[in-house]
Undergrad: 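If you scroll down you'll find the structure; I have some questions about it.
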2 protein chains.
Amino acid sequence: MSDVPTITTIAQRAGVSIASVSRVLNGLPTRAETESRVMSAARELGYVPNSAARSLKSRRSNQVGFAIADIGNPVYLAMIREIQPLLKAAGYRLVLHSTNVDAADEIDVLRGLGERYVDGLIMIPLRVTGEHLKMFAAARAPIVIIGSVPEGTPVDNVRTDSRKGVRLAVEHLHQLGRRRIGFVNGPLDTVPGAARSAAYAEALAGLGLPYDPDLVEVGDFYRPEGARAAARLIGRVPDLDALLCANDLIALGALDVLRRERRRVPEEVAVASMDDTDLATVAWPPLTSVSLGSAERGRAAAELLLDRLAHGDRAPRVVTVEPRLVIRASTVGEEGP
Amino acid sequence: MSDVPTITTIAQRAGVSIASVSRVLNGLPTRAETESRVMSAARELGYVPNSAARSLKSRRSNQVGFAIADIGNPVYLAMIREIQPLLKAAGYRLVLHSTNVDAADEIDVLRGLGERYVDGLIMIPLRVTGEHLKMFAAARAPIVIIGSVPEGTPVDNVRTDSRKGVRLAVEHLHQLGRRRIGFVNGPLDTVPGAARSAAYAEALAGLGLPYDPDLVEVGDFYRPEGARAAARLIGRVPDLDALLCANDLIALGALDVLRRERRRVPEEVAVASMDDTDLATVAWPPLTSVSLGSAERGRAAAELLLDRLAHGDRAPRVVTVEPRLVIRASTVGEEGP
DNA sequence: ATCGCTCCTGTAAACGTTTACCACTTCTGA
DNA sequence: TCAGAAGTGGTAAACGTTTACAGGAGCGAT
């Protein structure tokens with residue numbers, strides 16, 4: 001294969017200057033003959049513009065980053081499915097960063113913004129440290145954060161009212177007559193863990209139920225540890241009649257345990273969870289789960305970013321997505337909806 | 001915010017030339033004093049190298065593309081989970097292309113290789129057209145294809161013996177005494193659809209079972225259509241005693257239908273599928289599924305690509321991953337393994 | 001014929017790096 | 001003391017684009 005053709009090659013072949021070539025290729029007004037000479041030279045050579053050179057000159061990479069803790073979690077998947085087509089339609093490529101649940105890795109991604117290989121970033125930080133805030137403020141490219149950030153942080157923000165989401169689930173279980181409502185949470189030093197922990201206590205208080213620390217167990221956000229945490233909880237509180245899990249993966253683990261222990265769901269223990277991922281409809285019984293609008297959040301984040309990329313500066317905006325309880329058999333049994 | 005610092009800014013501040021700055025930043029031998037002056041200037045300015053300029057000069061983007069038909073399918077997810085860390089460890093970013101099950105979109109991605117925004121590409125084409133082959137041959141960056149390509153195609157290739165995979169499943173069902181083994185497949189004009197179709201017929205022949213076209217139903221590779229196809233099949237062949245599904249999503253749809261029709265699984269109808277994604281262990285009953293080694297294939301593809309990126313030209317290589325039958329309750333019941 | 005206008009195109013600079021080449025300094029060994 | 005080697009750093013070119021600027025052709029109006 002000979003050398004890769006550049007506009008210089010085209011210019012020689014067409015007998016014009018590189019400026020004319022560039023103008024033709026970018027659709028600027030040109031004499032018809034010049035245009036056709038350039039176009040056919042380009043076609044014959046199989047010319048494709050070099051994106052590095054174009055980026056260098058134009059100061060735009062046409063790429064957007066999406067940084068998540070772990071692709072394994074289907075919540076993020078639902079978001080990517082919304083984000084990717086939107087970006088593509090707007091002419092951006094998607095650069096995926098999976099940060100392995102590692103805050104230092106997240107900081108690295110933020111620092112990487114300085115390299116300008118992306119024009120903007122959507123990030124779902126698992127925890128927001130002071131370091132994060134410093135990087136947000138110093139960032140040289142627009143950032144959209146999915147999850148909560150402190151007031152006044154100079155980034156666009158898409159959040160969900162997870163407090164209300166937890167309340168919806170707890171009230172639902174309460175309405176079904178359950179009074180010993182256990183809670184299996186993820187790490188308390190993560191954004192969702194902390195929020196759900198507070199919300200659980202608040203929801204109980206709102207219903208006049210006592211907060212019993214024995215009813216709470218903390219693990220991580222994945223199925224195997226979810227199963228272990230649920231087992232600890234059930235072992236400790238045999239008269240448990242409902243279980244709220246901080247996400248669907250934890251709930252799958254809990255279902256595994258309940259099945260092993262031959263506790264009927266929902267007759268003996270009703271199970272509800274959060275995120276309403278695809279897994280909720282795959283599990284048996286299908287999981288009652290609080291939808292935190294993952295798809296909507298993904299879409300909103302992409303729209304915020306694209307808007308900012310297109311229209312430049314404006315005040316940071318906050319979009320809030322309403323949670324929605326999706327009732328399935330794991331709380332109401334098969335005769336349910 | 002003032003202007004973004006470049007090596008020129010640093011050079012001025014440190015009182016040296018840009019060449020020295022570049023040398024220091026790249027760790028080339030330099031006098032200690034120069035080095036420290038440059039380093040502190042860089043630190044004070046918060047310098048971050050510009051990736052477009054670096055790419056332009058070095059002719060490497062430090063990015064690798066991964067093109068799949070649809071992120072929704074958990075098979076691809078398993079692959080990304082292997083690929084991403086490997087690439088990251090080698091200093092490459094991952095650019096994700098979801099092509100919406102659209103061959104023209106795939107061609108676009110291949111054409112995009114000419115832009116040189118990635119140093120290499122891993123692709124899972126849903127069908128391999130002549131156009132694909134032409135692009136493979138003309139590609140200006142290394143390509144790894146997951147799935148089968150014709151002999152002699154100048155790309156690295158990771159494949160799995162899906163023929164054998166289907167045989168494993170059919171033989172398993174046969175061994176369980178099933179004789180009316182239905183097959184729900186995806187589109188026949190896709191690589192996996194065609195391969196599995198042929199393999200199913202072959203496996204039956206190998207067992208001396210007749211091939212009955214009534215036992216085969218074609219839909220797409222997703223759950224809703226999987227359910228519809230399974231319903232058609234069951235309606236047409238009431239004495240069906242086993243169902244092989246071309247992937248896990250189809251099987252989930254089939255389970256939905258069987259549950260609705262109150263056919264016990266596996267007592268009345270044994271269900272087996274292919275891909276062995278996470279969903280297989282979430283479903284109820286857990287799905288017997290043929291693992292086509294998605295994780296291994298992802299890892300192998302990443303390793304092939306990284307090897308080629310590091311060591312340049314060599315003959316195209318083919319890696320084959322052995323399928324493995326994972327037996328669960330959907331064929332052998334709960335007393336199973 | 002000259003002027004001014006429009007339209008087109010070429011020259012050259014710029015984007016931010018890396019690196020070949022050369023000049024200068026310092027050191028080593030006879 | 002001096003030749004030569006080794007070490008160090010500056011100048012400038014190059015990567016492949018886009019684009020400001022200016023020059024030239026063509027044309028209608030004076």
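The structure presented is a predicted model; accordingly, all values stated were derived computationally and were not measured. Naming convention: chains lettered A, B, ... in sequence-line order (proteins, then strands); numbering from 1 in each chain. Worth knowing before you read on, the calculation uses all heavy atoms, side chains too, and leaves out hydrogens, waters and symmetry mates.
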Undergrad: For dT18(C) and Asn26(B) - does any side-chain N or O of the residue sit under 4.0 Å from the phosphate oxygens OP1/OP2?
TA: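 Yes.
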
Undergrad: Please state how far atom CZ in Arg140(B) lies from atom C1' in dG16(D), giving the value in whole angstrom units.
TA: 14 Å

Undergrad: Quick one: is dG10(C) close enough that its OP1 or OP2 comes under 4.0 Å of any side-chain N or O from Ser20(A)?
TA: yes

Undergrad: Rounded to whole Å, how long is the line connecting atom CG of Leu25(B) with atom P of dG16(C)?
TA: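 Computing the Leu25(B):CG to dG16(C):P distance gives 15 Å.
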
Undergrad: Let me spell it out: for each of Leu56(B) and Arg31(B), pick the nucleotide of DNA chain D with the closest heavy atom. Which residue's pick is nearer the 5' end?
TA: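 This one resolves to Arg31(B).
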
Undergrad: Nearest heavy-atom pair of Ala41(B) and Arg13(B): which atoms, and what distance?
TA: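 Scanning both residues, the minimum pair turns out to be CB-CG, 4.0 Å.
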
Undergrad: Here's a test of your reading of the structure: between Lys57(A) and Gly15(B), which maps to the more 5' nucleotide of DNA chain D?
TA: Gly15(B)

Undergrad: In whole Å, I'd like the distance from the CD1 atom of Ile7(B) to the P atom of dC15(D).
TA: 17 Å

Undergrad: From dT9(C), dG10(D), dT17(C), pick the nucleotide closest to the side chain of Ile18(B)?
TA: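 Ranking dT9(C), dG10(D), dT17(C) by closest atom to the Ile18(B) side chain puts dT17(C) first.
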
Undergrad: Could you check how far CZ of Arg23(A) sits from P of dT17(D), rounded to whole Å?
TA: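 Roughly 15 Å, once rounded to whole Å.
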
Undergrad: Would you mind reading off the distance between Arg37(A) atom CZ and dG10(C) atom C1', rounded to a whole angstrom?
TA: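 My rounded result for the distance is 14 Å.
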
Undergrad: Of the nucleotides dT19(D), dG10(D), dT17(D), which one has an atom closest to the side chain of Thr6(A)?
TA: dT17(D)

Undergrad: What's Ser55(B) touching, base or sugar-phosphate or nothing? Going by heavy atoms closer than 4.0 Å.
TA: nothing

Undergrad: Got a salt bridge between Arg317(B) and Asp156(B), using NZ or NE/NH1/NH2 to carboxylate O under 4.0 Å?
TA: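 So Arg317(B) does not pair with Asp156(B) through a salt bridge.
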
Undergrad: Could you check how far CD of Glu33(B) sits from P of dT26(C), rounded to whole Å?
TA: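 Interatomic distance, CD of Glu33(B) to P of dT26(C): 13 Å.
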
Undergrad: Checking all strands, does Ser22(A) fall into the base, sugar-phosphate, or nothing category for heavy-atom contacts under 4.0 angstrom?
TA: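 Answer is base: heavy atoms of Ser22(A) come under 4.0 Å of a base.
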
Undergrad: Taking all atoms of both residues into account, what is the closest heavy-atom pair of Ser98(B) and Asp105(B), and its distance?
TA: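 That would be O-OD2, 4.1 Å.
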
Undergrad: Measure from CZ on Arg59(A) to P on dC15(C) and round the result to the nearest Å.
TA: 7 Å

Undergrad: Contact class for Pro29(B) (heavy atom, under 4.0 Å): base, sugar-phosphate, or nothing?
TA: nothing

Undergrad: How many Å lie between CG on Leu28(B) and P on dA20(C), as a whole number?
TA: 10 Å

Undergrad: Could you tell me whether the phosphate oxygens of dG16(C), OP1 or OP2, come under 4.0 Å of any side-chain nitrogen or oxygen in Tyr117(A)?
TA: no

Undergrad: With a 4.0 Å cut-off on N to O distance, would you call Glu296(A) and Arg299(A) a salt bridge?
TA: no

Undergrad: Hey, does Tyr76(B) have a side-chain heavy atom less than 4.5 Å from the side chain of Leu77(A)?
TA: no

